[in-house]
Amino acid sequence: MDAARGRFVERCSRPNRADHGYRSSDRPFPIGRCVPLLALASGALAVGCSSNYEIAKLVAVGHVRELREPSQQAKPQATDRPTLLIVGIDGMSRDVLYDLLESGQLPGLESLLGGRTNGRLAHAYLDRSMLAPFPSVTLTGWASIFTGRPAAGSGIAGNEFFIREQRRFVAPIPSSFYDKTPVLETYTDDYANNLLEVPTVYERLRRQEPEIDISVSVSQFYRGADRLLIAQRSALIDMFYAKVKDIADGKAFAMFEERDRKVLDVMIDEVEDDDHPVSDVLTVYVSGTDAYAHAAPEPPDRALQRFMTGKVDDKFAELAEALLERGALANRYVVVVSDHGHSEVPHDATTMLSAADRDAPPAVLTGAGFRLRPLQLNVAADHDFNAVLAYQGPIAYVYVADRSKCAKKGAVCDWSRPPRFREDVLRAAQAFYDANRSGRYAPHMKNTLDMILTRRPRPLAEDDLPFEVYVGHGKLVPLKDYLGTYPHPDWVAFESRLRDLAVGRYGERAGDVILVARNGHGRTPEGRYYFSSSPQESVHGSASKRDSEVVLILAHPGRSAAELERIAHGVLGRDSRSWQVTDLVLHLLERPGRDAAAMR
Ligand SMILES: [Zn+2]
């Protein structure tokens with residue numbers, strides 16, 4: 001259950017294709033001995049002090065971080081149950097990927113999907129119904145895919161959010177400030193894993209089959225796997241410390257491509273390593289797609305096309321070849337998934353709702369008399385904040401404390417109590433209502449919000465109520481009625497997806513007020529607003545079709561497309577959500593007759 005928190009074991013030495021320096025003898029050694037390597041390797045990287053330690057650790061890890069004691073690890077045995085490869089592609093729009101595949105422009109990925117017979121993908125089923133969770137952002141998406149639970153159950157409400165009972169702001173992907181420490185800690189210290197309130201798909205697979213062997217490559221969630229494959233410093237760190245200048249110079253594409261090629265190289269090396277059998281479950285995660293789309297001069301669809309058809313696709317071909325050579329593809333299901341799509345925004349930052357104090361969302365709360373938590377990862381333990389903001393692209397969460405118990409400046413609020421509805425929650429909602437209507441507190445906020453959502457708070461341990469629409473003067477309107485009067489034809493399944501986010505044990509992590517920026521309507525980027533600390537060319541997170549439709553492909557070289565469709569529909573139904581990927585994976589690897597006993 002808690003394998004990922006086990007001993008930190010590094011493997012270093014034999015050079016391989018993926019980098020030149022470290023890998024795989026099985027001799028563990030303490031992290032400290034690797035640190036001097038960083039001094040040589042990091043060169044001119046300008047990074048924060050706390051990040052340096054994380055980078056040192058990352059370098060020390062080499063290519064493989066063993067997550068389980070070797071004695072615990074599986075000795076994969078010959079079995080007739082199929083194996084699995086999961087290919088996660090961050091930010092990949094369904095239409096873009098399927099068009100490329102169907103028109104034969106991705107021969108590499110195609111070779112992982114059983115190839116082409118008579119011009120058709122005869123061994124792959126391309127699902128066209130799956131929707132990302134709301135908000136359609138990275139962490140919420142992958143958490144649902146790898147736990148089988150929506151956000152109100154998994155605890156991952158966004159890329160950054162506030163945990164009231166711990167008085168702790170967490171930011172696996174910081175959006176309202178710049179700090180990459182947690183991004184690195186996700187790989188070195190289980191930062192994102194540790195935020196999960198439920199078991200991962202890997203832990204559930206292990207419950208089903210204790211000796212199963214699982215290798216995961218740079219995905220944020222890997223608890224329960226045997227090993228985490230990490231691309232070397234040159235790949236990961238260059239990306240994390242990408243300067244805006246590099247992007248402006250057009251270097252972003254090459255940088256992100258290089259990164260993903262190295263990520264795939266590490267996986268290919270792992271497959272080729274004949275010291276051990278190929279893992280039963282392999283997960284590989286490509287993220288340059290999303291990173292490049294955010295920064296690209298071209299619209300996101302073209303950015304995604306360009307990225308997928310480049311050298312990354314060649315690496316998929318190499319991975320297929322390596323698997324074939326080891327006889328590890330013939331009875332392997334391949335599941336391709338993405339976490340969200342993308343929507344272009346104006347490239348001049350005029351629609352960015354920034355994190356700056358003046359004329360931006362923070363000014364609304366401070367103007368209305370709240371003591372706002374500074375937009376940064378950590379604050380002093382005795383900080384007296386009574387309001388918190390968290391950004392998720394087109395939406396933002398506002399959390400407020402019960403201010404009656406900490407009214408005086410300097411008094412620390414008890415965040416484990418729910419706030420008062422009128423005096424705290426509606427006061428914040430009204431402040432944003434006024435800002436949106438007249439520019440009060442922050443002139444730039446005028447006409448930037450589509451909706452302000454709020455609800456009566458409930459005690460922490462209880463299930464939270466659904467959000468309603470705040471229409472001013474203390475009044476709330478049920479979402480269904482509001483959407484009846486003001487239809488949002490571009491949005492898909494907003495009501496049910498909002499419930500999945502906000503109604504449940506961890507529903508309060510979506511805040512007391514949700515600000516929904518004007519975004520996702522119409523075909524052009526004009527007037528698409530987003531909350532961010534840095535200008536973007538494209539964002540995602542809204543309930544729009546463009547942001548929400550995700551990839552789900554199920555392939556197996558020994559099965560027909562029709563058979564695969566039946567399997568997928570049997571598990572997913574015809575109107576599916578990302579969190580059902582876990583159900584599909586568990587179903588694919590079930591060993592008849594065994595699992596019933598194992599689950600007991
Ligand atoms: Zn993104």
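Please read these numbers as outputs of a predicted model, since none were measured by experiment. Order of appearance sets the numbers: ligands from 1, and atoms from 1 within every ligand.
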- Query: For the ring pair (Phe, Tyr, Trp, His ring centres under 6.0 Å) test, which of Trp579, Tyr222, Tyr285 pairs with Trp142?
  - Reply: Tyr285

- Does Arg455 count as lying over the ring of Phe467, i.e. NZ or CZ under 6.0 Å from the six-ring centre, within 45 degrees of the axis? yes

- Message: Counting the benzene-type ring for Trp, do Phe494 and Phe134 have ring centres under 6.0 Å apart?
- Response: yes

- Item | Contacts of the Zn ion (ligand 1) with protein N/O/S atoms, counting only those under 2.8 Å | Asp290 OD1, Asp290 OD2, His294 NE2, His540 NE2

- Message: Before we go on, tell me: are the rings of Phe146 and Phe221 under 6.0 Å apart, centre to centre?
- Response: no

- Side chains of Pro299 and Glu537 in contact at under 4.5 Å (non-hydrogen atoms): no

- Determine, step by step, whether Phe307 and Phe253 satisfy the ring pair (Phe, Tyr, Trp, His ring centres under 6.0 Å) criterion, reporting the C-alpha distance in whole Å, the side-chain angles of both residues, the deciding distance to 0.1 Å, and the verdict. CA-CA 8 Å; Phe307 199 89; Phe253 185 88; 5.5 Å; yes

